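Let me begin by presenting the structure, written as structure tokens, before commenting on it.
Keep in mind it's a predicted model, so treat the numbers as computed, not measured.
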Amino acid sequence: MPEGHTIHRLAQDHTTLFAGRKATVTSPQGKFSDAADLLTGRELTRTEAHGKHLFLGFGPADSWVHIHLGLFGTYAMGATPAPPPTDTVRLRLLNESAYADLRGPTTCALITDAEKQAIHERLGPDPLRPSDGPAKAYARISRSRTTIAALLMDQKVVAGVGNVYRAEVLFRHGIDPYTPGRDLTEARFTQIWDDLVALMREGVRLGRIDTVRPEHTPEAMNRPPRVDDHGGEVYVYRRADQTCHLCGGEIRTAALAARNLFWCPTCQPPGAR
């Protein structure tokens with residue numbers, strides 16, 4: 001599932017390609033046809049992302065297309081001429097210079113301002129939203145016996161963090177992923193939050209996740225670059241049974257909160273809070 005940086009990047013790309021211009025809106029697949037008929041010929045006036053949720057606002061009424069990619073949703077965007085639409089395209093936006101095709105999302109729905117606000121209210125703060133900060137998330141974390149690794153994946157606690165960012169940020173701060181949330185001090189969680197802000201902003205800029213510090217890059221350590229379809233240089237994510245870049249120990253993996261967790265037991269020892 002795409003992490004929050006991908007959704008914020010999509011919001012920026014929609015603004016660049018479509019904002020302020022009338023769009024032809026269609027649903028070749030047919031599942032969004034009624035809403036597409038209402039929107040076609042209207043301008044995209046604003047875009048917004050919150051966690052893994054994308055919102056495309058069409059004026060002048062309070063009309064928002066709410067998109068959640070889920071596990072299988074994908075976007076194809078580019079310059080015209082657009083390729084012939086296929087029956088897998090749920091939503092196509094098209095203007096004189098660009099197109100965007102959405103396939104396989106979990107959610108693609110036309111909603112009102114009030115419905116959009118209800119979605120925001122059930123989500124936790126997002127490290128990529130300038131108005132959000134760590135206080136609301138820590139208020140929940142500090143009262144919870146749940147592991148910090150599970151809490152970071154709970155979109156009601158922190159919105160936008162997925163499996164890669166949770167594994168990597170805990171490694172970067174030497175925190176045992178099984179630490180109960182209530183055992184983290186506010187100062188420690190604020191460090192995690194600030195690091196997520198920086199890492200995820202870089203993810204938006206680069207379009208991929210890189211989490212290793214400059215002194216741990218392949219060039220700096222004279223090691224081979226990572227080969228993985230995920231892309232980007234990481235410390236522990238999807239590196240189970242491989243050697244830790246820092247201590248030389250073995251990276252572990254285990255199932256936690258229905259996802260695979262990755263960590264280094266040496267660099268993230270129990271009690272390191």
Side-chain angles (χ1 to χ4, degrees), residues 1-7 50-53 68 70-71 121-129 132-200 203 209-213 228 230 232 234-247 249-273:
M1 182 182 296
E3 305 206 20
H5 73 289
T6 299
I7 310 306
H50 188 164
K52 300 180 182 183
H53 298 257
H68 191 292
L71 288 173
E121 289 173 357
R122 69 174 183 250
L123 293 171
D126 179 341
L128 287 172
R129 287 169 66 88
D132 288 357
K136 181 180 176 182
Y138 184 70
R140 299 190 65 163
I141 288 169
S142 64
R143 299 192 300 267
S144 179
R145 293 184 176 91
T146 302
T147 66
I148 186 59
L151 289 167
L152 286 175
M153 292 280 282
D154 186 339
Q155 299 300 295
K156 298 186 299 295
V157 177
V158 181
V161 173
N163 207 17
V164 187
Y165 281 120
R166 75 102 175 246
E168 292 298 300
V169 78
L170 290 176
F171 177 88
R172 284 168 60 93
H173 291 269
I175 295 173
D176 173 17
Y178 291 98
T179 301
R182 66 180 186 177
D183 287 355
L184 283 180
T185 66
E186 185 171 10
R188 199 81 168 107
F189 179 71
T190 299
Q191 291 175 346
I192 292 173
W193 175 273
D194 291 344
D195 204 20
L196 284 170
V197 171
L199 289 172
M200 294 176 75
I209 300 178
D210 283 293
T211 61
V212 301
R213 295 184 170 91
D228 188 278
H230 158 264
V234 295
Y235 287 107
V236 294
Y237 177 70
R238 284 171 57 163
R239 297 194 65 245
D241 302 325
Q242 297 182 42
T243 300
C244 175
H245 296 321
L246 271 63
C247 72
E250 187 178 276
I251 304 300
R252 299 272 185 86
T253 187
L256 180 67
R259 301 294 297 276
N260 289 330
L261 173 68
F262 301 90
W263 82 104
C264 173
T266 302
C267 295
Q268 299 167 262
R273 301 170 183 174

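The two atoms that bring Arg239 and Ile251 nearest to each other are O-CB, 3.2 Å, heavy atoms only. Closest heavy-atom contact between Cys264 and Val236: N-CG1, 4.2 Å. The two residues His5 and Gly203 have their closest heavy-atom pair at CD2-O, 3.4 Å. Counting all heavy atoms, side chain and backbone alike, Met153 lies closest to Asn163 at SD-N, 3.4 Å. Taking every heavy atom of both residues into account, Thr211 and Tyr235 meet most closely at O-CE1, 3.3 Å. Residues Tyr165 and Leu199 approach most closely at OH-O, 3.7 Å, considering heavy atoms.
Salt bridge Asp132/Arg129: present, at least one basic N to carboxylate O contact under 4.0 Å.
Put simply, the side chain of Gln155 gets close to the backbone of Gly160: a donor and an acceptor are under 3.5 Å apart. Within the 3.5 Å criterion, the main-chain N or O of Gly249 finds no donor-acceptor partner in the side chain of Thr243. In terms of modelled atom types and a separation under 3.5 Å, the side chain of Arg140 and the main chain of Lys156 share a donor-acceptor contact. Checking side-chain atoms of His173 against main-chain N and O of Gln268 turns up no donor-acceptor pair under 3.5 Å.
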Report the C-alpha separation of His68 and Ile7 in whole Å, then their side-chain angles, then the decisive distance to 0.1 Å, and conclude whether the side-chain contact (heavy atoms from CB on, under 4.5 Å) test is met.
CA-CA 9 Å; His68 191 292; Ile7 310 306; over 6 Å; no

Residues Glu3, Met200; criterion side-chain contact (heavy atoms from CB on, under 4.5 Å); working and verdict
CA-CA 9 Å; Glu3 305 206 20; Met200 294 176 75; 5.7 Å; no

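Note that CG of Asp154 is 9.5 Å distant from CD1 of Ile141, once rounded to the nearest 0.5 Å. Put simply, CZ on Arg238 and OG1 on Thr253 are 11.0 Å apart, with the number rounded to the nearest 0.5 Å. Atom CG of Asp176 and atom CG of Asp183 lie 10.0 Å apart (nearest 0.5 Å).
Inter-residue side-chain proximity for Ser142 and Glu186 is flagged as unmet; no heavy-atom pair is nearer than 4.5 Å. Between Pro127 and Trp193, the closest side-chain pair of non-hydrogen atoms falls below 4.5 Å. Considering only heavy atoms from C-beta on, Pro134 stays 4.5 Å or farther from Tyr138 through its side chain. Counting only heavy atoms from C-beta outward, the side chains of Val169 and Val161 never approach each other to under 4.5 Å.
Among Phe262, Phe171, Trp263, the one residue that satisfies the ring-ring contact (aromatic ring centres under 6.0 Å, His included) test with Tyr237 is Phe262.
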Under 3.5 Å, side-chain donor or acceptor atoms of residues 143-152 against the rest of the protein: list the pairs with distances, not counting sequence neighbours.
from, atom 1, to, atom 2, distance (Å)
Arg143, NH1, Ala139, O, 2.8
Ser144, OG, Thr146, N, 3.0
Ser144, OG, Thr146, OG1, 3.2
Thr147, OG1, Ala150, N, 3.2

